[in-house]
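Notes follow once the structure below has been shown.
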Amino acid sequence: SFGAVYTKLFVPMFNLTALASYKLNFEGADSIKDGNVISIYAKPEFRFNQFGGVYLGIQYDITSESEFNGTGGGDEGNLMTLKPGWNATWLPTVSTELTIPYTVMGKNTFAAWGVTANVYVTLAL
């Protein structure tokens with residue numbers, strides 16, 4: 001998987017983070033090759049102060065077809081997910097993030113939602 005990340009603080013209260021990536025899958029020992037994925041993610045964020053804010057992330061994934069023994073299984077389709085969330089910086093090196101992803105559109109998929117909690121620790125190199 002490889003991609004690019006863009007982030008910019010436009011005004012003291014608005015931040016934008018964007019990610020574009022490509023996931024290349026190879027055939028495994030069982031002759032199954034999962035479809036490759038192109039993913040685009042944008043996360044506009046309203047910051048309350050320098051320690052935290054709320055955001056609404058939007059992720060769009062396009063997946064190519066999976067294969068078994070070189071035979072394609074059909075178009076895998078696409079997926080759009082809304083990801084509202086909150087983040088906070090507790091210390092200069094520790095932050096947390098809570099996201100509630102909700103699938104709003106997709107081919108060959110069903111509507112779903114969940115809760116994701118992350119803790120990030122930054123190490124100085």
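Note that the numbering runs from 1 along the sequence shown for the chain. Values below: all heavy atoms of this structure, side chains included; hydrogens, waters and symmetry mates excluded.
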Item to check | Audit row: Met80, Ile40, side-chain contact (heavy atoms from CB on, under 4.5 Å) steps and yes/no | outcome: CA-CA 10 Å; Met80 181 180 281; Ile40 301 167; over 6 Å; no
Checklist entry - Does some side-chain heavy atom of Val37 sit less than 4.5 Å from a side-chain heavy atom of Ile62? => result no
Next on the checklist: Can you give me the closest heavy-atom contact between Trp86 and Ala88, atom names plus distance?
Outcome noted: CZ2-CB, 3.5 Å
Item to check | For Thr99 against Pro101, the heavy-atom pair lying closest together | outcome: O-CD, 3.4 Å
Checklist entry - Does Lys43 come within less than 4.0 Å of Glu97, counting only side-chain N to carboxylate O? => result yes
Next on the checklist: For the residue pair Trp90 / Thr96, report whether a side-chain donor-acceptor contact shorter than 3.5 Å exists.
Outcome noted: yes
Item to check | Residues Thr17 and Thr7: side-chain donor-acceptor under 3.5 angstrom | outcome: yes
Next on the checklist: Please give me the minimum heavy-atom distance between Tyr102 and Trp113, naming the atom from each residue.
Outcome noted: CD1-CB, 3.5 Å
Checklist entry - Any cation-pi pair here, Lys83 with Tyr41, using under 6.0 Å and within 45°? => result yes
Next on the checklist: Let me check something: do Leu56 and Tyr6 share a hydrophobic cluster, defined by ILVMFWY side-chain heavy atoms less than 4.5 Å apart, either directly or through other members?
Outcome noted: no
Checklist entry - Taking side chain as C-beta onward, heavy atoms only, is Tyr120 less than 4.5 Å from Val94? => result no
Item to check | Atom pair CG (Asn87) and CZ (Arg47), whose distance is rounded to the nearest 0.5 Å | outcome: 6.0 Å
Next on the checklist: Tell me whether Tyr55 shares a hydrophobic cluster with Leu9, the cluster being built from Ile, Leu, Val, Met, Phe, Trp, Tyr side chains joined at under 4.5 Å.
Outcome noted: no
Item to check | Test side-chain contact (heavy atoms from CB on, under 4.5 Å) applied to Leu82 and Ile58, step by step | outcome: CA-CA 5 Å; Leu82 296 179; Ile58 301 171; 3.8 Å; yes
Checklist outcome for this item: By side-chain contact (heavy atoms from CB on, under 4.5 Å), Phe48 pairs with (sequence neighbours left out) Phe46, Val54
Checklist entry - Please walk me through it: do Gln59 and Ser39 pass side-chain contact (heavy atoms from CB on, under 4.5 Å)? => result CA-CA 7 Å; Gln59 183 169 341; Ser39 183; 3.3 Å; yes
Item to check | Exercise: do Gln50 and Thr89 side chains pair donor with acceptor under 3.5 Å | outcome: no
Checklist outcome for this item: CG (Leu24) and CZ (Phe2) are apart, to the nearest 0.5 Å, by 7.0 Å
Next on the checklist: Using 0.5 Å steps for rounding, measure from the CG atom of Asn78 to the CD1 atom of Ile38.
Outcome noted: 12.0 Å
Checklist entry - Can Tyr60 and Leu79 be said to form a side-chain contact (heavy atoms from CB on, under 4.5 Å), step by step? => result CA-CA 6 Å; Tyr60 185 72; Leu79 180 67; over 6 Å; no
